[in-house]
Amino acid sequence: MDFFNRNFPKFLAESNKHCPFVIIKGHRTGSSFLATHLDSHPEIICLPEIFHPNRVVLGPDHKVCDKEKLMGWRTSHPVDFIEKVLNGKYSQNIKAVGFKLLYEDAAGPDRPAWKWMQENKQLHIIHLIRDNHLAQFLSLRQAMIRGRWNAKTKVDTNPIRVSLPVEQCEVMFERTDTWIKSMRIRFSSHPYKEVHYDNLTTDTSNELHHIQKFLGVEPQKLKSGLNKLNRWSLRESIGNYDVLKKHFHGTQWEKFFDE
């Protein structure tokens with residue numbers, strides 16, 4: 001199935017000698033920030049979440065694709081789909097091709113696409129982690145309220161205050177920790193690099209330098225048009241912050257409240 005826009009220079013079918021990679025991550029871990037930076041490199045193609053359950057976005061001219069047919073093919077032939085994306089032919093200057101993947105996408109880690117990734121040891125894994133799961137959960141809830149997941153120019157002018165139910169926090173903390181440990185085991189035999197959200201957002205140039213080296217491209221100054229939406233502390237943004245801090249005191253999760 002030919003779903004690439006042949007008028008887009010990066011997708012000209014000339015060579016398939018490139019480094020395949022996947023950015024594996026949870027929600028609100030800075031993946032769009034990272035992916036847009038990487039895609040600004042002339043030798044890298046970094047696609048968004050191609051296994052998103054409700055859409056497939058494959059570059060700047062996605063409108064030329066038959067979305068219904070493409071999603072149907074992706075669902076019925078996930079391995080063919082992922083091989084087409086990662087191992088297809090691109091212009092000769094392209095040195096790395098990858099996409100973002102949520103832990104629960106591609107129908108979950110026990111399904112064919114995940115099995116294919118685990119079996120292909122040449123696949124480079126960038127595991128994006130947000131160490132503070134409380135901040136991650138807050139960001140997810142704020143994004144749902146806001147109805148916006150990233151920002152190019154418009155950012156929050158005031159903190160969006162939300163209360164986070166204790167039980168939901170516990171479930172999210174445990175689930176996220178389980179995902180992280182599972183990915184470390186699953187891809188222990190692959191070229192594997194962990195990228196931590198705080199390092200990526202506070203020491204961006206240095207982190208991007210190492211990631212580019214990991215992907216086998218010459219490091220360049222990269223750019224992204226995205227900005228951080230929430231610039232306020234957890235205490236300023238969480239309505240029941242003190243309740244949560246008291247509840248999780250003495251547990252492995254109390255580290256999320258150090259400010």
Side-chain angles (χ1 to χ4, degrees), residues 23-38 48-49 52-55 100-105 126-183 194-208 211 222-259:
I23 300 173
I24 296 175
K25 46 84 176 193
H27 290 285
R28 313 307 291 168
T29 53
S31 64
S32 294
F33 184 70
L34 173 59
T36 50
H37 272 100
L38 292 179
E49 293 160 8
H52 190 285
N54 301 320
R55 63 178 182 269
K100 303 191 302 178
L101 182 67
L102 277 167
Y103 294 139
E104 59 265 41
D105 276 355
I126 298 174
H127 190 185
L128 190 52
I129 297 170
R130 191 164 185 169
D131 295 304
N132 191 320
H133 305 341
L134 177 64
Q136 184 178 348
F137 189 28
L138 168 66
S139 181
L140 178 59
R141 290 292 296 272
Q142 288 176 324
M144 295 172 69
I145 293 170
R146 188 186 298 114
R148 231 168 5 104
W149 296 83
N150 52 59
K152 292 184 177 180
T153 55
K154 185 179 179 181
V155 298
D156 295 342
T157 55
N158 294 294
I160 297 178
R161 287 179 59 82
V162 297
S163 291
L164 303 175
V166 170
E167 297 80 7
Q168 290 184 17
C169 287
E170 290 177 335
V171 170
M172 189 274 184
F173 296 167
E174 293 285 354
R175 181 181 298 157
T176 301
D177 215 44
T178 298
W179 278 121
I180 291 172
K181 292 175 181 176
S182 174
M183 294 300 109
E194 289 189 357
V195 177
H196 295 264
Y197 174 89
D198 288 335
N199 294 335
L200 180 63
T201 55
T202 60
D203 192 14
T204 305
S205 295
N206 186 50
E207 283 296 302
L208 291 174
I211 295 169
L222 306 179
K223 59 184 179 180
S224 170
L226 301 183
N227 297 306
K228 187 176 177 64
L229 284 164
N230 181 34
R231 301 173 184 273
W232 288 270
S233 69
L234 294 177
R235 182 178 291 279
E236 291 174 306
S237 302
I238 300 175
N240 59 335
Y241 179 86
D242 289 327
V243 172
L244 293 174
K245 185 172 183 178
K246 181 178 179 180
H247 177 83
F248 288 106
H249 178 71
T251 73
Q252 61 177 317
W253 313 123
E254 67 178 351
K255 60 187 177 182
F256 299 153
F257 297 85
D258 292 339
E259 293 183 77

Verdict with reasoning, Ile180 to His127, per side-chain contact (heavy atoms from CB on, under 4.5 Å) | CA-CA 8 Å; Ile180 291 172; His127 190 185; 4.1 Å; yes
State yes or no: are the ring centers of Phe137 and Phe173 separated by less than 6.0 Å?
-> no
Sub-4.5 Å side-chain heavy-atom contact between Leu244 and Ile238 | yes
Listed by chain and number, what are the ring pair (Phe, Tyr, Trp, His ring centres under 6.0 Å) partners of His133, not counting sequence neighbours?
-> Phe256
Salt bridge (Lys or Arg N to Asp or Glu O under 4.0 Å) involving Glu49 - partner list, sequence neighbours excluded = Lys25, Lys100
Any side-chain heavy-atom pair of Leu222 and Thr204 under 4.5 Å | no
Just jot down the side chain to side chain contact (heavy atoms under 4.5 Å, CB included) partners of Arg175, sequence neighbours excluded, or say none.
-> Val171, Trp179
Return the set of residues passing salt bridge (Lys or Arg N to Asp or Glu O under 4.0 Å) with Glu194 (not counting sequence neighbours), or none when no residue passes.
-> Arg184
Work out which heavy atom in Leu164 is nearest to a heavy atom in Cys169; give both atom names and the distance.
-> CB-SG, 3.7 Å
Please list, chain by chain and in numerical order, all residues satisfying salt bridge (Lys or Arg N to Asp or Glu O under 4.0 Å) with Lys181, sequence neighbours excluded.
-> Asp177
Write down the atom of Leu208, the atom of His37, and the distance for their closest heavy-atom approach.
-> CD1-CD2, 3.4 Å
Just wondering, do Thr176 and Ile129 contact through their side chains at under 4.5 Å, heavy atoms?
-> no
With a 3.5 Å cut-off and no angle check, do the side chains of Arg28 and Ser139 form a donor-acceptor pair?
-> yes
Residues passing the side chain to side chain contact (heavy atoms under 4.5 Å, CB included) test with Asn206, sequence neighbours excluded, are Asp203, His210
Roughly how far, to the nearest 0.5 Å, is CD1 of Ile24 from CG of Leu101?
-> 6.0 Å
Got a second to check how far Lys255's NZ is from Leu134's CG, nearest 0.5 Å?
-> 12.0 Å
Residue list, side-chain hydrogen bond (donor to acceptor under 3.5 Å, both in side chains) with Glu174, at least two apart or on another chain | none
Sequence-distant partners of Thr36, side-chain hydrogen bond (donor to acceptor under 3.5 Å, both in side chains), two or more places apart | Ser224
So, do Leu140 and Met172 sit near enough that their side-chain heavy atoms are less than 4.5 Å apart?
-> no
Would you check if the side chain of Asn240 reaches a backbone N or O of Val243 as a donor-acceptor pair within less than 3.5 Å?
-> no
What pairs with Glu207 under side chain to side chain contact (heavy atoms under 4.5 Å, CB included), at least two apart in sequence or on another chain?
-> Val195, Asn199, Leu200
Using the test salt bridge (Lys or Arg N to Asp or Glu O under 4.0 Å), find all partners of Asp242 that sit at least two apart in sequence or belong to another chain.
-> Arg235
Residue set satisfying side chain to side chain contact (heavy atoms under 4.5 Å, CB included) with Ser237, at least two apart, ordered chain then number -> Leu138, Gln142, Pro159, Asn230, Trp232
Minimal non-hydrogen separation, His27 against Gln136, with atom names = O-NE2, 2.8 Å
Using atom types as modelled and distance alone, determine if a side-chain donor or acceptor of Tyr241 lies under 3.5 Å from a backbone N or O of Phe257.
-> yes
Would a 4.5 Å heavy-atom cut-off, applied to side chains only, mark Asp105 and Pro53 as touching?
-> yes
Separation of Ile23 CD1 from Leu34 CG (nearest 0.5 Å) | 4.0 Å
Answer yes or no: is there a donor N or O on one side and an acceptor on the other, between the side chain of His196 and the main chain of Asp198, under 3.5 Å?
-> no
